[in-house]
Amino acid sequence: MKIAVAKEIEVCERRVALNPDTVTRLVKQGLEVWVEKGAGEGSCFTDSAYEAAGATVITDPAKLWSEADIVLKVSPPKERENGGSEIELLRQGSVLISFLNPLGNPAVVQELANRHITALSMEMIPRTTRAQSMDALSSQASLAGYKAVLIAAAALPKYFPMLTTAAGTIAPAKVFIMGAGVAGLQAIATARRLGAVVEAFDIRPAVKEEVQSLGAKFVEVKLEEETTAAGGYAKEISEASKQRTQEVVAEHVKNADVVITTAQVPGRKAPRLVTEEMVAQMKPGSVIVDIAAEQGGNCACTQAGKDILWNGVTIIGPINLPSSMPVHASQLYSKNLTSLLQLLIKDKTLQVDFADDIIDAACITHAGEIRNQRVQDALKALSPQIGT
């Protein structure tokens with residue numbers, strides 16, 4: 001059983017699928033681990049550290065991809081600079097485990113199915129108590145929420161905490177966090193540690209107690225529809241509810257020094273939470289950090305990957321925030337992957353057991369077929385010819 005760690009070729013992706021500590025654990029279980037040369041450099045893990053952990057460092061990417069039983073990655077497979085795709089390097093019948101963005105880019109899933117790859121998508125891990133240790137979306141979102149607050153604090157031309165000095169008292173910054181999922185809750189906790197006064201909004205009333213337990217005020221909007229989807233994620237709401245929500249939060253955005261938006265819907269464009277009119281009402285020098293920038297942004301003025309000044313307000317649209325903290329991001333993701341591998345490998349043998357609810361949910365392609373109905377629907381929406 002060869003488990004391979006591929007070097008990421010996505011621009012600015014510094015994370016790695018396994019760190020040396022988890023490699024040590026897998027090797028002690030009798031598994032053979034291959035690591036592509038330089039795979040851990042972006043995360044400050046040297047090739048020699050992997051070798052000391054018991055891994056074999058492979059210099060030829062084609063050998064690593066084609067001979068491995070299981071290939072582990074962070075970013076979805078893509079086209080290589082020297083031609084050909086990473087998917088083409090995979091041996092037919094092998095296993096790929098990675099973030100795959102199956103709902104946002106279902107064409108990649110079709111390619112994996114065509115090549116008879118058993119693909120497990122880390123985005124599709126169910127949000128259940130049993131699967132918590134494998135929930136990579138949550139582990140990486142926590143990093144994003146933390147870093148977003150640090151970015152905001154660095155950009156804000158004010159202190160975050162209240163200060164009493166000989167020259168007078170400085171009022172604390174007002175931070176408004178939109179979305180109280182994992183990223184939002186971490187953002188609340190971080191902003192509070194820095195001394196800010198924090199308010200938070202979420203369409204799911206069930207998160208009110210979590211927000212308050214972190215010392216923030218919960219901004220509640222009463223909606224006459226279900227707002228929580230399966231697994232506890234926020235559900236896309238009707239246009240009428242969106243309008244009602246914007247009316248309520250507009251005043252809180254106006255009064256905030258910092259707004260951090262975190263709302264994302266898997267496979268869809270991020271919901272619009274902050275309009276141009278709201279930004280126009282904010283004080284000069286205010287800051288918006290839009291974690292959902294890669295999905296189109298929660299703010300109407302966001303440009304993914306750019307910092308812009310709009311009417312005196314700085315709007316930051318960071319991309320791949322977890323990768324900016326690659327040491328701990330890789331450590332957490334590595335733990336997520338190894339927990340999943342424990343389900344898949346029994347007595348050094350791969351066992352894809354669809355009776356297991358976690359494997360059943362995460363495995364999106366197997367034996368030439370796309371197993372997930374939502375991905376099939378996304379393919380049909382993309383092109384009637386794909387997936388037929």
Side-chain angles (χ1 to χ4, degrees), residues 1-10 13-82 84-100 111-112 115-122 134 136 323 326-327 329-352 362-363 365-366:
M1 177 65 66
K2 294 186 181 71
I3 298 175
V5 177
K7 182 177 181 179
E8 301 298 324
I9 60 174
E10 181 70 36
E13 181 55 76
R14 298 170 60 195
R15 293 172 290 178
V16 65
L18 292 182
N19 67 358
D21 286 345
T22 48
V23 168
T24 299
R25 297 191 192 104
L26 292 173
V27 171
K28 286 181 178 179
Q29 294 173 19
L31 301 172
E32 186 174 355
V33 180
W34 287 6
V35 177
E36 186 175 344
K37 182 177 176 60
E41 286 180 352
S43 300
C44 306
F45 305 129
T46 63
D47 290 340
S48 60
Y50 282 108
E51 290 175 328
T56 301
V57 174
I58 304 295
T59 57
D60 181 5
K63 174 181 174 66
L64 178 133
W65 281 80
S66 64
E67 296 185 19
D69 299 298
I70 301 175
V71 175
L72 305 179
K73 279 186 93 294
V74 180
S75 298
K78 59 177 297 184
E79 295 295 319
R80 301 180 66 86
E81 289 184 359
N82 57 357
S85 69
E86 291 182 313
I87 293 177
E88 292 172 352
L89 294 178
L90 285 163
R91 174 172 55 81
Q92 290 196 15
S94 61
V95 176
L96 173 67
I97 308 176
S98 178
F99 282 118
L100 295 172
E111 289 182 51
L112 291 165
R115 197 156 179 80
H116 286 246
I117 303 301
T118 296
L120 285 87
S121 173
M122 296 304 289
M134 310 166 208
S323 184
V327 174
S330 298
Q331 177 183 326
L332 295 173
Y333 185 64
S334 183
K335 172 61 176 176
N336 298 144
L337 283 178
T338 52
S339 295
L340 180 57
L341 287 174
Q342 304 310 309
L343 287 182
L344 288 167
I345 301 173
K346 305 293 184 184
D347 299 324
K348 304 179 187 178
T349 303
L350 180 67
Q351 297 181 18
V352 184
C363 185
T365 65
H366 180 69

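Position 1 is the first residue of the sequence; numbering continues from there.
- The minimum heavy-atom distance linking Asn336 with Ala136 is given by the pair OD1-CA, 3.2 Å.
- Of the listed residues (Leu18, Val16, Thr338), just one forms a side-chain contact (heavy atoms from CB on, under 4.5 Å) with Leu72, and that residue is Leu18.
- Between Lys78 and Glu10, at least one side-chain N (NZ, or NE/NH1/NH2) sits under 4.0 Å from a carboxylate O, which counts as a salt bridge.
- A donor-acceptor contact shorter than 3.5 Å links the side chain of Ser339 to the backbone of Lys335.
- Atom NZ of residue Lys2 and atom CG of residue Leu31 lie 12.0 Å apart, to the nearest 0.5 angstrom.
- Smallest separation of non-hydrogen atoms from Ala53 and Pro20: CB-O, 3.4 Å.
- Side-chain contact between Glu8 and Lys73 is present, with heavy atoms from C-beta onward closer than 4.5 Å.
- For the residue pair Glu32/Trp34, the side-chain donor-acceptor check at 3.5 Å is satisfied.
- Residues Pro77 and Leu89 fail the side-chain proximity criterion, which asks for heavy atoms closer than 4.5 Å.
- A donor-acceptor contact shorter than 3.5 Å is absent between the side chain of Glu41 and the backbone of Thr46.
- Here the closest non-hydrogen pair linking Ser66 and Ala62 is OG-O, 2.6 Å.
- Under 3.5 Å, the side chains of Thr22 and Asn19 contain a donor-acceptor pair of N or O atoms.
- In this structure a side-chain-to-backbone donor-acceptor pair under 3.5 Å is present from Lys346 to Gln342.
- Taken from OG in Ser94 to NE2 in His116, the straight-line distance is 12.0 Å, to the nearest 0.5 Å.
- The shortest side-chain heavy-atom distance between Thr118 and Thr365 does not fall under the 4.5 Å cut-off.
- Leu96 places none of its side-chain heavy atoms less than 4.5 Å from the side chain of Ile87.
- In this structure, CD in Glu111 is found 5.5 Å from OG in Ser85, a value given to the nearest 0.5 Å.
- Side-chain contact between Leu90 and Val95: absent, with no pair of heavy atoms (C-beta onward) separated by less than 4.5 Å.
- When side chains are defined from C-beta on, Ile3 counts as touching Ile345, because their heavy atoms get closer than 4.5 Å.
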Under the side-chain contact (heavy atoms from CB on, under 4.5 Å) criterion, do Met122 and Val74 qualify, and how do the steps go? CA-CA 9 Å; Met122 296 304 289; Val74 180; over 6 Å; no
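- Remark: Lys37 engages Asp47 in a salt bridge (charged side-chain N to carboxylate O under 4.0 Å, His left out) (not counting sequence neighbours).
- Glu81 CD: 12 or fewer foreign heavy atoms inside a 6.0 Å radius.
- Here Arg15 contributes atom CZ and Ser330 contributes atom OG; the two are 7.5 Å apart, rounded to the nearest 0.5 Å.
- Closest of all the heavy-atom pairs between Ser98 and Ser75 is OG-O, 3.0 Å.
- In this structure, Met134 CE and Ile97 CD1 are separated by 11.0 Å, a value rounded to the nearest 0.5 Å.
- Contacts of Tyr333 classified as ring pair (Phe, Tyr, Trp, His ring centres under 6.0 Å), with partners at least two apart in sequence or in another chain: Phe99.
- Just one of Ile70, Thr349, Leu26, Leu341 meets the side-chain contact (heavy atoms from CB on, under 4.5 Å) condition when paired with Met1; it is Ile70.
- Minimum interatomic distance between Ser323 and Glu13 (heavy atoms only, all atoms of both residues): OG-OE2, 3.3 Å.
- Between the side chain of Ser43 and the backbone N or O of Arg14 there is at least one donor-acceptor pair closer than 3.5 Å.
- A donor-acceptor pair under 3.5 Å is absent between the side-chain atoms of Arg91 and the main chain of Trp65, judged by distance alone.
- Here the side chains of Pro61 and Arg80 are in contact, with some heavy-atom distance below 4.5 Å.
- Minimum heavy-atom separation, Leu337 to Ala17: CD1-O, 3.3 Å.
- Residues Leu344 and Gln351 are not in side-chain contact: their nearest non-hydrogen atoms beyond the backbone lie 4.5 Å or more apart.
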